[in-house]
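For ligands, and for the atoms within them, numbers begin at 1 and follow the listed sequence.
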Amino acid sequence: MATLIKGGRIVTAIDDYVGDILIEDGKVRTLGQDLPAEGGVDVHDASGLLVMPGAVDVHTHLDWEFGTARTVDTFGTGTMAAAFGGTTSVIDFANQRHGESPLEGLEDWHRRCASRCVDVGAHMIILDPFPQALADLRALAQDEGVTSFKLFMAYPNVLMVDDGVCFYVMREAAKHGAVVCVHAENGYAINILVEEAVKAGNLAPKYHYLTRPPELEGEATARAITLAEYAGAPLYVVHVTCSQALDAVARARDRSDLIHGETCTQYLFLTQQELERPGFHGAKYVFTPPLRSQEHQDELWRGLHRGDLSAVSTDHCPFCFEEEPHGLKFSKRQGEKEGFHKIPNGGPGIEHRIPVLFDGAVKKRGMSLNRFVELVATNPAKLFGIYPKKGTIAVGSDADIVLFDPEQRWTIRAAEQHSRVDYSLFEGFEVQGRVKKTFLRGDLIVDGDQWLGREGMGAFLKRGESGRL
Ligand code: DUC
Ligand code: ZN
Ligand code: ZN
């Protein structure tokens, strides 16, 4: 059946006009003015609303085993939450397991991912560099549509790889049209700071940020950039949080189009003070890299403004605060007795990125609507090989479309969210702008507070060449 979205303000990374969209077979068929509503077409009046491409979140950890913990959203619940927040494409992290090929890790991820409600692709975390595993990078990129490899420069003995592995993977990525994503922190130095803090009995959540200083993020970011430039590989630095890392990215971007930086919603709106909340509540804000000072946050806003940062994602990595009802494995409470270093690292955000950033960036700081769409949809789609199928509204693109009321004021409450996590990093935020309807490939899946989608309806995103805008 055809669908007609009438009279909305259509905004992409380059366009901004009032018009109609005719959708057929899940794709945008016609864009124009006063398109006729012929026989049986399903008409949606979008007057007064923004009509934007479904947002693309390229940084999530759904149903993910992380040390002793597991993230609490399944692909079903996490992607339903995404859809309520206007996100229709997600790129999530699959991982290799020690001693196994990354291709086996991908198979496992595909099984877990079957319940997805929006379209989902995979990055592959490489953590055990035995020869066959490295040889399988070609198959990942060229046969499986996994055109991004993730490397951790932090979390020794869990996820971290050394510089030699980074360099090797970067060279392979360059050969096979893939981009390397890095979590850039100096894991060795951080480990020493953490051990010293624990030994001294400094166990409260705030020691999480005190043992992961911005200098050690800046150092690793610069190192990753040097290696990537020498390897000739595109690099995407995930979750840039501080001026040191941002400076390294900005300098590199003066030389090269292959270096990109992402920040995440939480770093733009929260500071390290959250970790000082009384009781154990600071644990809700324990994620890595940590929240920083106001000065660093201001720098990130400047980085967005100047174009030094290319995307805003969520790093949705949800662990409940309370042990009940999902169990200690899914809870921040794991770290309550022994200290900050045992708190599962991660925070939720998949559902609130679009309204929080719209309010903070467009309404409060005057960011253009085009730049907003570019940061949350178009650039991520381009950088990760799914553009122009995703990330824009154009004839032939998938009809992933969000109708968004730019005036509606509302208050974010965890009690009303759709993720399984029991808190929100943005609890009590009063924001302006709310998703009214979300379409996935032409199907209306969110209508106000009504869920019309279903688990399993999301497609796997087999991606093309990645790492360039
Ligand atoms: N940081 C987190 O907070 N969680 C998942 C992994 C990461 O890098
Ligand atoms: Zn990370
Ligand atoms: Zn992450």
Side-chain angles (χ1 to χ4, degrees), residues 57-73 78 82 90-96 109 120-127 148-161 166 180-187 190-191 194 205 208-209 211-212 214 216-217 220-221 224 235-242 245 249 260-267 270 272 274-275 282-292 311-321 329-332 334-335 340-350 353 380 384 419 421 423 425:
D57 188 348
V58 299
H59 193 156
T60 71
H61 302 269
L62 298 171
D63 192 8
W64 188 53
E65 190 87 23
F66 185 24
T68 55
R70 192 171 190 95
T71 56
V72 72
D73 269 321
V90 166
I91 306 185
D92 185 80
F93 286 95
N95 63 274
Q96 182 194 17
W109 179 91
V120 180
H123 312 279
M124 178 55 66
I125 297 171
I126 304 299
L127 49 79
S148 41
F149 309 138
K150 169 82 175 282
L151 300 170
F152 281 85
M153 300 168 86
Y155 300 121
N157 305 317
V158 185
L159 293 166
M160 191 169 103
V161 288
C166 289
V180 169
C181 305
V182 280
H183 173 125
E185 286 183 301
N186 187 317
I190 286 169
N191 244 24
V194 169
H208 177 70
Y209 83 74
T211 54
R212 308 188 85 97
L216 298 184
E217 183 185 333
T221 304
L235 182 73
Y236 181 83
V237 183
V238 301
H239 49 44
V240 171
T241 74
C242 61
V249 169
H260 292 278
E262 160 205 272
T263 193
C264 302
T265 330
Q266 52 275 28
Y267 302 111
L270 305 172
Q272 61 202 27
E274 304 290 354
L275 285 99
K284 293 174 181 167
Y285 303 87
V286 168
F287 39 79
T288 305
L291 291 170
R292 306 293 189 193
V312 179
S313 310
T314 63
D315 200 0
H316 181 75
C317 186
F319 302 104
C320 285
F321 182 60
K329 187 166 183 64
F330 301 91
S331 167
K332 296 276 186 182
Q334 275 189 46
F340 71 95
H341 59 307
K342 299 285 185 185
I343 298 170
N345 280 207
I350 203 166
R353 175 178 62 135
F384 289 95
S419 160
V421 73
Y423 73 99
L425 295 174

Ignoring hydrogens and geometry beyond distance, is a side-chain donor-acceptor pair present between Asp57 and His316 at under 3.5 Å? no
Of the protein's non-hydrogen atoms, which lies at the shortest distance from atom 8 (O) of ligand 1, and what is that distance? His183 ND1, 2.8 Å
For Thr68 and Gln334, test the side chains for any donor-to-acceptor distance below 3.5 angstrom and give the result as yes or no. yes
Could you pull out, from Tyr155, Phe319, Phe287, the option with a heavy atom nearest to atom 7 (C) of ligand 1? Tyr155
Distance alone, cut at 3.5 Å: any donor-acceptor contact between the side chains of Asp92 and Trp109? yes
Less than 2.8 Å from the Zn ion (ligand 3) is the window; count the protein N, O or S atoms in it. 3
Looking at every non-hydrogen atom in both residues, tell me the closest pair between Thr263 and Val240 and how far apart they are. OG1-O, 2.8 Å
Looking only at the aromatic ring of each residue, does the gap between the centers of Phe93 and His59 stay below 6.0 angstrom? yes
For the rings on Phe152 and His183, is their centre-to-centre separation under 6.0 Å? yes
Quick one: look up the protein heavy atom nearest atom 3 (O) of ligand 1 and list residue, atom name and how far away it is. Thr288 N, 2.8 Å
May I ask you to identify the nearest protein heavy atom to atom 5 (C) of ligand 1, giving residue, atom name and distance to one decimal place in Å? Cys317 SG, 3.4 Å
Ring centres under 6.0 Å, that's the criterion: do His123 and Phe384 meet it? yes
Tell me which part of Trp64 gets within contact of ligand 1: side chain, backbone, both or neither, using heavy atoms under 4.0 Å. side chain
Regarding ligand 1, does Asn345 bring an N or O atom to under 3.5 Å of one of the ligand's N or O atoms? yes
Taking all heavy atoms of Val286 and all of Lys332, pick out the closest pair and write down the distance. O-NZ, 2.8 Å
Which atom names give the shortest non-hydrogen contact between Leu291 and Gln272, and what distance separates them? O-CB, 3.4 Å
